[in-house]
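Below is one structure, written out as C-alpha cells, with a few remarks after it.
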Amino acid sequence: MTARVPRGFVDRDASELRAQDAMLAKIRRVYETYGFEPVETPVFEYTDALGKFLPDSDRPNEGVFSIEDDDEQWMSLRYDLTAPLARYVAENFETLPKPYRSYRAGYVFRNEKPGPGRFRQFMQFDADIVGAPNVSADAEMAMMMADTMEGLGIPRGQYVIRVNNRKVLDGVLEAIGLGGEENAGRRLTVLRAMDKLDRIGVEGVRQLLGKGRTDESGDFTAGASLSDDEIGFVQQFVEAGSEEDRKRKIQTLIHAMGQGADVLVPLMRAWSEKAQAEAENTARAKANLDDAQITDLLYLFTLHPAGYQSVGETLPVDDNSYFEAHFPDNIYYLKILNTKTVDLYRHHFSKYPSMQEGLNELAAMARMFEEAGYGTQRILIDPSVVRGLEYYTGPVFEAELLFDVTNEKGEVVRFGSVGGGGRYDGLVSRFMSQPVPATGFSIGVSRLMTALKNLGRLETERRIGPVVVTVMDRDRMADYQAMATQLRNALNPKDESGEPLGAPVPVEVFQGNPKQFGKQLQYADRRNAPCVIIQGADEKAAGKVQVKDLALGKELSAQIEGNAEWREARAGQELVDYTPENPEAMIAAVRAILARPSGGGA
RNA sequence: GCGGUUGUAGCUCAGCUGGUUAGAGCGUCGGAUUGUGGCUCCGAAGGUCGGUGGUUCGAACCCACCCAACCGUACCA
C-alpha cells in the first residue's frame with residue numbers, strides 16, 4: 001500500500017499553519033472593528049439546504065461531496081459558507097439581533113477537478129450582514145474588504161475592490177431581449193462571455209456572444225447566438241473594462257485633435273462641469289472634432305471607469321499623482337471618479353429604464369465611497385464586472401490582486417480574484433415566509449495565502465526551535481527530565497494570574513535512541529535548536545553542565561578543516577555550574593544564547 | 001467533459017536504430033568517530049520501468065486499450 005494524499009487535497013506543515021493563523025488573526029481583527037461577531041456552523045448540511053440540488057436524483061448534485069444518512073436523508077459537505085449561514089439565520093431568526101453581523105472562517109469542499117492553486121478543500125473567511133436592506137450595507141462591506149486587504153499588508157494600489165450591480169447586468173440582458181424564464185440559459189452564456197473579456201479579448205467575446213468560439217486547444221464553446229446589433233450593444237457596454245480599447249481610442253483622438261491637443265488636454269486635466277463645457281467648445285472650434293468624437297473625448301478623459309492599472313504596476317496612494325507621474329505627456333491622463341463613472345453609464349444607457357435602478361444604487365454607493373474617502377484606488381465601480389451568476393440580487397463586488405504572482409516553478413500565474421460577495425436577498429427567505437435581505441463577502445484564504453507568500457507579506461519566519469537536553473547516560477533520564485522541567489518553567493514565565501507571558505520557548509529531552517551522541521546533535525540541528533544541554537559523567541562529577549550554542553558553533557566551525565579538530569574544538573560550548581538545587585547558572589546561560597540574534601530569540 | 005503533453009528509485013533525470021544483470025546526482029540509512037552538528041571518505045537500502053494485453057527469439061523502448069499527473073479549455077453554486 002502506498003501512502004498518498006487524496007487528489008485535490010493537501011497536507012500542511014507547521015510553517016503554513018502558523019502563517020495561516022497569523023493571516024486569520026489579521027482578517028478577524030478588521031471584521032471585529034466593524035462590529036462583526038463570530039459564529040460557526042458544521043461542515044455538513046442537509047443537501048437541500050445548500051441551495052442548488054437535483055431533486056429526485058440518486059446522486060445529489062455533482063460538484064458536492066454527499067453521503068446518505070441512515071434515515072435516508074442526503075447530507076453534503078458545504079461548498080461555501082453563505083448557504084449555511086442563511087440556514088443558521090433562518091433557524092435562529094427570533095433570537096438574533098437584526099441587522100445581524102457575523103463572520104466565520106472554515107473549510108469548504110468542492111468535488112471538482114483540481115487545478116493549479118485550486119483544491120477540493122479550501123478555507124474561506126466570510127462576513128455578512130443579514131437584515132440590512134439598504135445599499136449602505138453593501139458599501140460598508142466593500143470598504144471593509146478594502147480595509148482587510150490593507151490589514152493583510154497588501155499596499156494600496158496592488159489590489160482593487162471592483163463593484164457592480166446585478167440589476168445593471170440584468171438591464172443589459174433585458175435590453176437585448178433576453179428577459180424572461182425562457183432565456184435563462186442564454187443569459188448565463190452572455191454573462192460568462194462578458195466575464196472573459198480580459199482573458200480572450202473583444203473578438204473572443206464577440207464570438208461567444210454570436211455563434212461560438214474555438215480556442216487554441218481546438219475546443220469549441222457554443223455561443224449565445226445574438227444578432228450583430230445585440231452583440232454590438234453588449235460590446236459597447238463591456239468595453240468599459242478594456243484597457244487596450246481605451247488606449248487605442250485616446251490615441252485616435254489625440255491624432256484627430258491635432259493642434260487642439262495643446263489647449264484641450266490641460267482643460268481635461270482640470271475637470272469640472274464648467275471646464276467640460278469649455279472643453280467641448282474648444283474641441284469643436286480648435287480641434288475640429290465632431291459630436292461623436294467629443295463624446296468619446298469626455299468619456300475617455302473624464303469619466304472612464306477602467307482606472308486600475310496593468311498587472312504588476314504599483315500605484316501610489318493618490319490617483320492623480322499616479323497618472324501625472326505615469327503619463328507625463330498627458331496622453332493617457334484620466335480622471336477617475338466612481339460617481340462620474342456612474343454618470344457616464346446613465347448618460348450612455350438612458351434609453352434603458354431597466355438599468356436605471358442598478359445605476360441608481362451604484363450612484364448611491366459611489367457617493368458613500370467618496371464621502372468616506374475610499375477612492376478608486378481602493379474601490380472601483382466597474383459595470384462590466386460579472387460575478388455571482390446564481391443568487392446575487394443587487395450589488396456585487398470582488399477583490400482582485402494587481403501584482404504578479406509566481407509559482408514554485410517561477411512562472412507568472414494569473415491570479416485574479418481572491419474574494420468576492422454581494423447582496424443575496426433571496427437566500428434566507430428560502431427557509432422562511434418573510435423576505436430577509438442580506439449582503440456579505442467571502443475571502444479565499446488559501447488562494448490569498450499563496451499570493452501573500454509572493455508579496456513577502458506572509459509570516460514565514462521559522463520559530464525558535466527547542467532547547468534540547470541531551471542524554472549522555474541512559475540511566476539518568478530522570479535527571480535530564482528534571483533539568484528540562486527547570487528550564488521550561490524558567491523560560492516560560494507566568495504573570496500573577498497564571499497567564500503565560502510572551503511567546504513559548506520549547507524545551508525537550510532527547511527521546512530518540514541516545515546510543516550515538518552525534519545523532520542527538522544532528523536532531524537538535526534539524527529542529528533549529530538554539531542550544532543544547534550536555535551532562536555526561538565528567539560534568540556530573542564536577543557539578544557542571546555544558547551549554548552549547550549551536551549557531552555560534554556553526555560560525556566557529558567555518559575555520560576548522562579536519563574532522564578530528566572539529567570534534568575536539570567543541571565549538572560554542574560553555575561549561576557552567578549546575579546542581580539540581582542550583583540551576584540558575586544554566587538558566588542564565590541559556591537565556592543569554594536565546595537573546596543573541598543568531599540564537600533565534602529575537 | 002474536450003484537446004495536448006508526460007509517466008523509469010523518496011526527488012531531479014539518463015537509458016543509443018528493441019539486446020541479456022535498468023543507471024547517475026541529490027536525499028535517506030549505516031560506518032570511519034562506544035562523549036559532539038559541518039566537511040571528507042567508505043558502504044547499504046530503495047524499482048511489478050504507471051497498468052493490462054499484444055508484436056518479437058528478446059520490450060523501459062514498438063502497437064492497442066486503460067489509469068494517473070501536468071498544461072490549455074469548459075464548468076465552478
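Proteins come first, then strands; the chains are lettered A, B, ... in the order of their sequence lines, and each starts at number 1.
Of the side-chain N and O atoms in A/Arg192, none sit less than 4.0 angstrom from OP1 or OP2 of B/rA74. Proximity of A/Trp566 to the phosphate of B/rG37: a side-chain N or O atom is located under 4.0 Å from OP1 or OP2. OP1 or OP2 of B/rU36 lies within a sub-4.0 Å distance of a side-chain N or O belonging to A/Arg567. OP1 or OP2 of B/rC29 has not a single side-chain nitrogen or oxygen of A/Lys519 nearer than 4.0 Å. In this model, the phosphate group of B/rC75 is approached by a side-chain N or O of A/Lys196 to a distance below 4.0 Å at OP1 or OP2. Under 4.0 angstrom from either OP1 or OP2 of B/rG31 there lies at least one side-chain N or O belonging to A/Gln516. For the pair A/Arg447 and B/rC76, the criterion of a side-chain N or O lying under 4.0 Å from OP1 or OP2 is not met.
Looking at A/Arg87, its side chain never comes within 3.5 Å of a backbone N or O of A/Tyr46 through a donor-acceptor pair. Without hydrogens or angle criteria, A/Arg423 side chain to A/Pro395 main chain gives no donor-acceptor distance under 3.5 Å. Side chain of A/Asp195 to backbone of A/Leu191: no donor-acceptor contact under 3.5 angstrom is found. Although no hydrogens or angles enter the test, the distance criterion places no donor-acceptor pair under 3.5 Å between the side chain of A/Glu91 and the main chain of A/Tyr88. Without hydrogens or angle criteria, A/Ser76 side chain to A/Arg78 main chain gives no donor-acceptor distance under 3.5 Å. A donor-acceptor pair under 3.5 Å links the side-chain atoms of A/Asp13 to the main chain of A/Ser15, judged by distance alone.
For the P atoms, the distance linking B/rA24 with B/rG47 amounts to 15 Å, nearest Å. As rounded to the nearest Å, B/rU33 and B/rG43 have C1' atoms that lie 16 Å from one another. Here, B/rA45 and B/rU28 have their C1' atoms 9 Å apart, quoted to the whole Å. Comparing B/rG53 with B/rU12, their P atoms are spaced 29 Å from each other, to the whole Å. B/rU5 and B/rC39 have their C1' atoms separated by 43 Å, given to the nearest Å. A gap of 35 Å separates the P atoms of B/rC26 and B/rC63, to the nearest Å. Comparing the same atom, P, in B/rC61 and in B/rU6 gives a spacing of 15 Å after rounding to whole Å. For the C1' atom pair drawn from B/rG10 and B/rA74, the interatomic distance equals 36 Å after rounding to whole Å.
For the pair A/Met472 CE and B/rU36 C1', the computed distance is 7 Å after rounding to whole Å. The separation between A/Glu45 atom CD and B/rA77 atom P is 18 Å, rounded to whole Å. Separating the CZ atom of A/Phe517 from the P atom of B/rG38 is a distance of 13 Å, rounded to the nearest angstrom. One atom, CZ of A/Arg476, and another, C1' of B/rG35, lie 13 Å apart when rounded to the nearest Å. In this structure, A/Leu81 atom CG and B/rA77 atom C1' are separated by 13 Å, rounded to whole Å. Nucleotide B/rC39 holds its C1' atom 14 Å from the CG atom of A/Asp525, rounded to whole Å. Per the geometry, CD belonging to A/Glu398 stands 14 Å off P belonging to B/rC76, to the nearest Å. Atom CZ of A/Phe109 is separated from atom C1' of B/rC76 by 17 Å (rounded to the nearest Å).
Across B/rC29, B/rG35, B/rG37, the shortest atom-to-atom separation from the side chain of A/Gln546 is found for B/rG35. With distances taken from any side-chain atom of A/Arg526 to the nucleotides B/rU36, B/rC29, B/rG38, the minimum falls on B/rC29. Across B/rA77, B/rG38, B/rG35, the shortest atom-to-atom separation from the side chain of A/Tyr391 is found for B/rA77. Comparing B/rG37, B/rA77, B/rG35 by their closest approach to the side chain of A/Ala537 singles out B/rG35. Side chain of A/Arg570, nearest nucleotide from B/rU36, B/rU73, B/rA77: B/rU36.
Using a 4.0 Å heavy-atom cutoff across all strands shown, A/Gln522 reaches sugar-phosphate atoms only and no base atom. Within the 4.0 angstrom heavy-atom criterion, base atoms lie near A/Ala571.
At a cut-off of 3.5 angstrom, counting only N and O atoms as typed in the model, there is a donor on one side and an acceptor on the other between the side-chain of A/Lys113 and the base of B/rG72. The base of B/rU36 lies close enough to the side chain of A/Gln573 for a donor and an acceptor atom to sit less than 3.5 Å apart. Below the 3.5 angstrom threshold, one finds no donor paired with an acceptor across the side chain of A/Lys515 and the base of B/rU34.
A salt bridge is defined here as a Lys NZ or Arg NE, NH1 or NH2 lying under 4.0 Å from an Asp or Glu carboxylate O, and A/Arg527 with A/Glu508 meets this definition.
Residue pairs satisfying the side-chain hydrogen bond (donor to acceptor under 3.5 Å, both in side chains) criterion with at least one member in residues 509-518 of chain A, sequence neighbours excluded, are absent.
The residue among A/Arg110 and A/Gly536 whose nearest nucleotide of RNA chain B is located toward the 5' end is A/Gly536. Position along RNA chain B of the nearest nucleotide to A/Gln535 versus A/Leu208 favours A/Gln535 as the more 5'-ward residue.
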Nucleotide pairing, RNA chain B (Watson-Crick or G-U, distances under 3.5 Å), in dot-bracket with [ ] and |: (((((((..((((.....[...)))).(((((.......))))).....(((((..]....))))))))))))....
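Of the N and O atoms on the side chains of A/Arg570 and A/Gln546, not one donor lies less than 3.5 Å from an acceptor on the other residue.
Relative ring orientation between A/Phe9 and A/Phe65 is described as tilted, the plane-to-plane angle lying within the 30° to 60° band.
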